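The next block holds one structure in the form of C-alpha cells; read it before the comments.
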Protein chains: 2
Amino acid sequence: MNNTTLKEIANQLGISITTVSKALKGYADVSAATKKAVVDLAQKTHYSPNSFAVNLRTKESKTIGLIIPTLVHDFFSTVIQGILEEADKRDYLVIILQSNEKLEFEKKQIDLLLNKRVDGILMSLSNETGEFQHLNSIINHETPLVLFDKIAKLVNCSKVTINDRKASYDAVCYLVNKGYKKIAHFRGSYMPQNSIDRFLGYKKALEDNNIIYDPSLVFLCENNNDFDDGYENAKKALNQHPDIDAIFAITDLVAIGIIKYCNEIGISIPNQIAVLGFSNWFMSSVITPKLSTVDQPGFEIGKQSAAILFDEIKSKKSNTAVTFQSIELPTYVIEREST
Amino acid sequence: MNNTTLKEIANQLGISITTVSKALKGYADVSAATKKAVVDLAQKTHYSPNSFAVNLRTKESKTIGLIIPTLVHDFFSTVIQGILEEADKRDYLVIILQSNEKLEFEKKQIDLLLNKRVDGILMSLSNETGEFQHLNSIINHETPLVLFDKIAKLVNCSKVTINDRKASYDAVCYLVNKGYKKIAHFRGSYMPQNSIDRFLGYKKALEDNNIIYDPSLVFLCENNNDFDDGYENAKKALNQHPDIDAIFAITDLVAIGIIKYCNEIGISIPNQIAVLGFSNWFMSSVITPKLSTVDQPGFEIGKQSAAILFDEIKSKKSNTAVTFQSIELPTYVIEREST
C-alpha cells in the first residue's frame, strides 16, 4: 500500500491541501465537521505524514551528515558507533559519507549534505584538506558543524579531539624512560593537524630529554597511514639506520606493518627494536608481539562530537546563542609486549 | 545566509507560492514577466530548492537506508564501502543504522527509515531475527528491499549472499584432505541463515568423507561470534576433547580467539591443532600464525546489493515489473600458516 498523500485526501473530499493539512494539525480555523472527515479518511487510508513535507514547517530534517575519511578502520568505525548512539537517543538519522582522504570528495559531499538540508554536519577531515573554504561554506549556510579527530584550527566551530601533541610527547617520553635512545618516528602526512601535532610532540620529547632531534629518523607515511607505510618505512629505516632501537608510529596499523617486517627478517621485538603505535586498535592486542600503543577513545569522541552538534542544532532552533567548544579527551600509553 | 524559501519570494512579489514554484520550473501557464521577476529574485537571494520539497513532486528522496548488525567489523565495513561506491555513482545518500544484533532495534529502525521515505532499504539481519513481519512491512509499503549476508529465505525480495553451505563444505573438505580427522566447529547462533548453512556444510563434509558427525565437537558462539567466543570455546573444547586436531570457526574473529588461547597455553598451531576461520579479515594476514580462512567478498557483496536495489528503485519509478534476484558470490579457501 502506497503512502496516501495530502493531495489524495484533498481530492477525495473536494477541499484544498492546505485545509487537509490544517485539519490534521488541529488548527482552530477548520470546522469540526471538516476535521472529522479528514481525520477519518486519513485513518482509513493509513495516511502518514510525509516527513519531508513536515520538514517545511518545522524546518528540521531530523538527519545529520557525517563525513569521515574511511570506514574500514577500527578507530573511525568506533567513533561512528558513538555518534550513532547519540543520534539514536534523539531519533535522529545519520547520513554517512566516506571522503577516501580526498579533498574533492569532501567538497562534493558537503554540497550534497547541504542540499539535503541536514540539520548539522560532523567531520573528520581528509589527509588532503589544507584549505577550508568548503568548511566555511557550511558555517555560512548556518548549518551547525562539529569537527573531530582531524580538525582545522582556523575554522570557527566546535571541535573534539585528543591532545595529539601531549599524547605523542608522553609516548616518546615513555620510550626514553625505558632507555631507548635512537627513536625513529613514522609520521603522518603534512596537512592533517593531528599528524603535525604528533610529530611536534615527538620532537619536543626528544629535546626535553636531551636527545638531539635527527630529521633522518623521521619517515613519511604516504599511503594514508596504512600497513604498507609501516612495512616499507621499516625496511627503509632499518637499512639506513641499523642502530635504531625504537620506532614510534603515527598509528597502530603502521606499527603492525613494522612488526610484520621485523618478524619476517628475524628482528626481535622488543629485544632488538621497540615498537610503539597509536590509537589502540583491537588487533594490537592479538598480534605477536602484542603492540604497545596510545589509547584513543574513539567511542567517546563520537559521542561527545554528536552531543555537542545536537545541542547546537537545538540552540539554533530556539535562536539561542552558541558558544563553540574545543574538547580534548585524555589519552594514556598502554604498555604491552612490543616495548 | 539562510535558505530563501519559496514563501519568502512569494511574499516579496505578492504572488502565491504555487506561482513561484511553477515559475521556477518553467510551467507554461505562468506569464513571462512573472517568470522573470521570480527568477531574478531567486538568483539575487541565492534560492536553492528545498530538496525535501522537490521530493513531493518527484516522490524521490535520493536516499536509501542501510541496517547492519555492527560497524566495528572488517566484513561489514567493507560491505558498506561497496554500497557507498554505488550510491555515490548515482548521487544517492545512505542513512546507516546499526541494529547491534537486536531484533527490536531492527524493527524500530525500519519504522524510522520508512517514515523518512527512503527510496529503498538494504539489510543484513541481526542474529536475533527469526520472525520477519517487520521485513514484510517494508515490502507491503512498496519500498524496495535487498537483503545481504544474513538473509531470510521466506521474505520475497532480492538477496545477495555467498553460498554459505558450499563455502563451509569446501573448507571442511580442505581440512579433511590435509589429513585432519577430529574436526571441531565453533558455530554461530541458531537463527541466522548463514550460521545454519555453515554448520550444515561442516556436517555434510564430514559425512561425505566418512567421518562420523559428533555433536559434542560443535560449540556455540553466544557473543555474536566475537573474540571471546573463540577464546572461551577453545578452552572448553580442548579440555573436553584434547585430541581435537582441527577447529573450523564461524568467523575469523572467533578463530583469532582460538589462536590466542592456544598461544597462551603453548599449543602449537598448526602442528598440534589446525585453525580455519571464515571471512578473511585483514587482521588474519598479520597475526601469528597467519590464519587460514575462507574469502568472503564483502566489497562486491555491497556493490551488488546496492546495484540491485537501485535498479529496483528505478523500475518502481517507471512502473516496470521487477524480478527478484538471488545472487551467490563465489568463495575460496585461503591457506596460510594455521593449517
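Letters go in sequence order (proteins before strands), and every chain restarts at 1. For clarity, every value in this text was computed on a predicted model and none was experimentally measured.
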### Query
Can you tell which of T78(B), L66(B), V94(B) has the highest number of heavy-atom pairs within less than 4.5 Å of chain A?
V94(B)
#### Entry: Winner by heavy-atom pair count (cut-off under 4.5 Å) against chain B, out of N263(A), V286(A), I287(A)
V286(A)
### Task
Just jot down the ring-ring contact (aromatic ring centres under 6.0 Å, His included) partners of F75(B), sequence neighbours excluded, or say none.
none
### Task
Against chain A, label L253(B) side chain, backbone, both or neither, depending on which of its atoms sit under 4.5 Å from a heavy atom there.
side chain
### Query
In terms of heavy-atom proximity below 4.5 Å to chain B, should I83(A) be classed as side chain, backbone, both, or neither?
neither
#### Entry: Spatial distance of atom CD1 (I95(A)) from atom NZ (K116(B)) [nearest 0.5 Å]
8.0 Å
### Query
Can you tell me if NZ on K102(A) sees more than 12 non-hydrogen neighbours from other groups inside 6.0 Å?
no
### Task
With the side chain counted from C-beta on, respond yes when I96(B) and I80(A) share a heavy-atom pair under 4.5 Å apart, and no when they do not.
no
### Query
Quick one: of D74(A), L84(A), N100(A), who has the most non-hydrogen atom pairs under 4.5 Å with chain B?
L84(A)
## Note on the structure
In this structure, CG of L71(A) is separated from NE2 of H73(B) (nearest 0.5 Å) by 14.0 Å
### pair Q81(A)-T70(B): side-chain heavy atoms closer than 4.5 Å
yes
### Task
Could you look at F105(B) and say if it's the side chain, the backbone, both or neither that has a heavy atom under 4.5 Å from chain A?
neither
### Query
For Y231(B), which residues count as a ring-ring contact (aromatic ring centres under 6.0 Å, His included) partner, sequence neighbours excluded?
Y261(B)
### Message
Do F282(B) and M283(A) make a side-chain contact, defined as non-hydrogen atoms from C-beta onward lying under 4.5 Å apart?
### Response
yes
### Side chain, backbone, both or neither of L112(A) within contact of chain B (heavy atoms, under 4.5 Å)
both
### Task
Tell me, for F76(A) versus chain B, whether the close heavy atoms (under 4.5 Å) come from the side chain, the backbone, both or neither.
neither
#### Entry: Q98(B) side chain near D88(A) side chain, heavy-atom distance below 4.5 Å
no
